Amino acid sequence: MVADRLPPPAAREVEDRIMDFVRRELLSPEVNVDREDDLLSGDLLDSVAVLRLAAFVEEEFEFKIQPADFVIENFQNVAVLADYVQRASGR
Amino acid sequence: MTIATATPMLLHRMIDEAALRHPEHPAIRCDGETTTYEELARRANGLARVLLATGLERRARVAVLLGKNPRVPVAFYGVLAAGGVLVPIDPRSPVEQVTRILAATGATHLVSEPERRQVVQQALVACPEVSQVVGLEADDGLPFRCQPWSTVFEEAGDRPPDVPVIGLDPAYVLHTSGSTGAPKLIQHTHSSAMSFVDWAVTEYSLTREDRLSNHSSHHTCFATFDFYAAARAAATTVILTPAALMMPASLSSLLERERVTVWYSVPTALVQLSLRGQLETRALDSIRWVLFAGETFPEKHLRRIMRQLPGARFSHVYGSTETNVCTYHHLPESGELGSPLPIGRACSNARTLVVDGDLRPVPDGEVGELLVRGSTVMSGYWGEPERNRQVLVRRTSAGDLEETFFRTGDRVTVLDDGNLTFVARADLQVKVRGYRVELEEVESALLSLDPVEEAAAFAVPDGEGSSAIWAVVVAGDGAASSREEIASAVGKILPVHAVPAEIAVLESLPRTPTGKVDRNALRARLAAGKGQNGG
């Protein structure tokens, strides 16, 4: 998947930190995941892993995810999650 | 297309009939897409033709390994129309479990999809009996023959294949986990499934206008209601995708958008929806029935969601994969709910009996094992005559009438008002988020790991109405295994829901005077430890 444009450096950093957590903590080593791969297909993560991901994001970027933000559009893949984190955490 | 009305209704005939009467009506909604009854019937016929053309014999087992998508009902009705026996497999099963189910049922065909190619490929290495796979591309260099889904669509057509099936023929085999690691395989006939379906359609007054949500995976008995009861009423099944189920606020807006009228799930899913679904911002007045089963519904959560969905009636249904729903209790719209919540009375097609260890009825108010007799009860565990003799017991009642009852293994009591109340499981089977787990299975998986010498698993309440599994292991001398290593290793053996949420490494296990692992002592010890950590 080719990105339309390269994300700005801050965005890239947010994305890298999320991606690193997903790869290191949530997936088995042999699974590879891309920034636009569907995390919510049910085949990669289960609901517990998604909750861990949310907890990580809150702690790492020091903000509280509002219940109304807990939606597919914000968690579908690492790219949209990083976007959301930037908007919501004011980074 | 003609429908033989002189024969009893068969599961796959329901969609032929719905397609004939209401061809344009949506049978399935999933991710915003519609499958009409005509399309569903045509595709099911296409799959049936592909299966027959690749040598499917009558009553041969066809395993189905699919995610939550519109291929599921095509597989269900296609296999049945071809005269096969459906074996839906949990798509989250590890390869070993898939292999065990394929081998135990002697499946000759498998219906799957490209997303599951890796599991299929690995599982079939050990299952040479499976000669045909539908749903994978043929040019993959796979060691078995494949027909892609595009062939099924090319073969789609109006005319169902002419395969004789009677109501007492097996329709599907559902699996649970088993204590020795071998899954229990529960066999239902067209008649036992249809009996449940007809009861459900009548009791909940299902019509073509209804839209039933499908929360659970296709291998569970919940899906029996979601798909087959909907088809019987020519209603619509709304398949909830994993993404929606992981995001309660998305789920609630989906329910609003799809105008879902009937919901059926374990309480856990409703608790999540109630706590995190933003229900106050959604218009969910289309929901008229909420059915729940499988676990205890904590009263505070139940009362809250009843307030959040004031237009809905709530129904506590009880049963197991072996019996389908056999008792039910519609909750009063106001006043006391009863604590614990009753499991109610026998369905109109079932009879219940509470007995002692010698199968003699106990007086009302006393605790005994629940026996069930009815047309929804399974025909037996696949390939296990000995276990069938133990659970399908013959009992002589007034006069010389000999009747067969299913032993549920559940301890219940009859209240003054005639309602049944669940007391406890008679054995060590527990439910985790609606999935049945046997603690011995968890223990045997832990014990299969090299460094583990002793293991004990037990269930603790997770605070949201479900149970979590905790385990304690004793590692061998010199084995420097960490909890993380053990957790990761056991995660490769067990299905996700059976993997312990907490694993503690101890030096020894507390035991009762008879030498059994003292689970109560362990539970108390670990709970105390968690409490100190503020957990």
Side-chain angles (χ1 to χ4, degrees), chain A residues 1 18-59 61 63-85 87-89, chain B residues 31-32 65-69 90-94 113-119 215 217-218 239-254 268-269 272-282 432-435 462 464 466 468 484 488-489 491-492 495-497 499-501:
Chain A
M1 197 67 83
I18 296 172
M19 183 61 95
D20 185 54
F21 176 81
V22 170
R23 288 198 177 128
R24 188 167 35 93
E25 297 289 329
L26 302 181
L27 298 174
S28 2
E30 70 272 15
V31 179
N32 198 15
V33 65
D34 241 11
R35 60 193 294 274
E36 295 191 352
D37 282 351
D38 188 356
L39 296 178
L40 305 179
S41 67
D43 296 328
L44 280 181
L45 305 182
D46 64 12
S47 53
V48 177
V50 172
L51 291 177
R52 286 180 63 198
L53 176 59
F56 163 79
V57 161
E58 287 186 334
E59 194 175 330
F61 302 102
F63 76 106
K64 184 101 190 83
I65 300 174
Q66 296 305 311
D69 292 345
F70 223 96
V71 290
I72 296 171
E73 294 75 12
N74 292 338
F75 281 83
Q76 188 109 50
N77 57 49
V78 173
V80 297
L81 179 55
D83 268 357
Y84 163 67
V85 166
R87 273 182 280 121
S89 68
Chain B
D31 239 350
L65 188 68
L66 294 170
K68 292 191 73 192
N69 58 54
D90 182 353
R92 302 183 313 161
S93 300
E113 58 197 350
E115 292 88 331
R116 265 146 265 288
R117 184 166 163 265
Q118 214 184 344
V119 176
H215 169 272
S217 166
H218 65 87
I239 299 177
L240 308 176
T241 57
L245 295 179
M246 287 184 214
M247 299 281 145
S250 295
L251 176 57
S252 60
S253 73
L254 178 71
T268 316
Q272 289 304 318
L273 199 59
S274 170
L275 288 173
R276 301 180 181 94
Q278 303 283 294
L279 296 188
E280 61 286 356
T281 66
R282 309 276 190 257
V432 178
R433 300 192 296 275
Y435 291 98
D462 70 354
E464 292 188 347
S466 185
E484 284 74 11
S488 145
K492 294 197 172 72
V496 184
H497 50 268
V499 176

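Each chain gets a letter, A, B and so on, in the order the sequences are listed, and its residues count up from 1. Remember, it's a predicted structure, so these values are computed and weren't measured experimentally.
For the atom pair B:Leu254 CG and A:Ile72 CD1, the distance stands at 7.5 Å (nearest 0.5 Å). Residue A:Ser41 holds its OG atom at 13.0 Å from NZ of B:Lys68, rounded to the nearest 0.5 Å.
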- Item | From CA spacing to verdict: side chain to side chain contact (heavy atoms under 4.5 Å, CB included), B:Met247, A:Phe75 | CA-CA 9 Å; B:Met247 299 281 145; A:Phe75 281 83; 3.5 Å; yes
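Heavy atoms from other residues, nucleotides or ligands lying under 6.0 Å from CD of A:Glu59 number 12 at most.
In terms of non-hydrogen atom pairs under 4.5 Å with chain B, the most contact-rich of A:Leu51, A:Asp46, A:Leu39 is A:Asp46.
Counting all heavy atoms, side chain and backbone alike, B:Arg116 lies closest to A:Asp43 at NH1-OD1, 2.9 Å. Contact detail for B:Met246 and A:Leu40: the closest heavy-atom pair is SD-CD2, 3.8 Å. Minimum heavy-atom separation, B:Ala249 to A:Pro67: CB-O, 4.0 Å.
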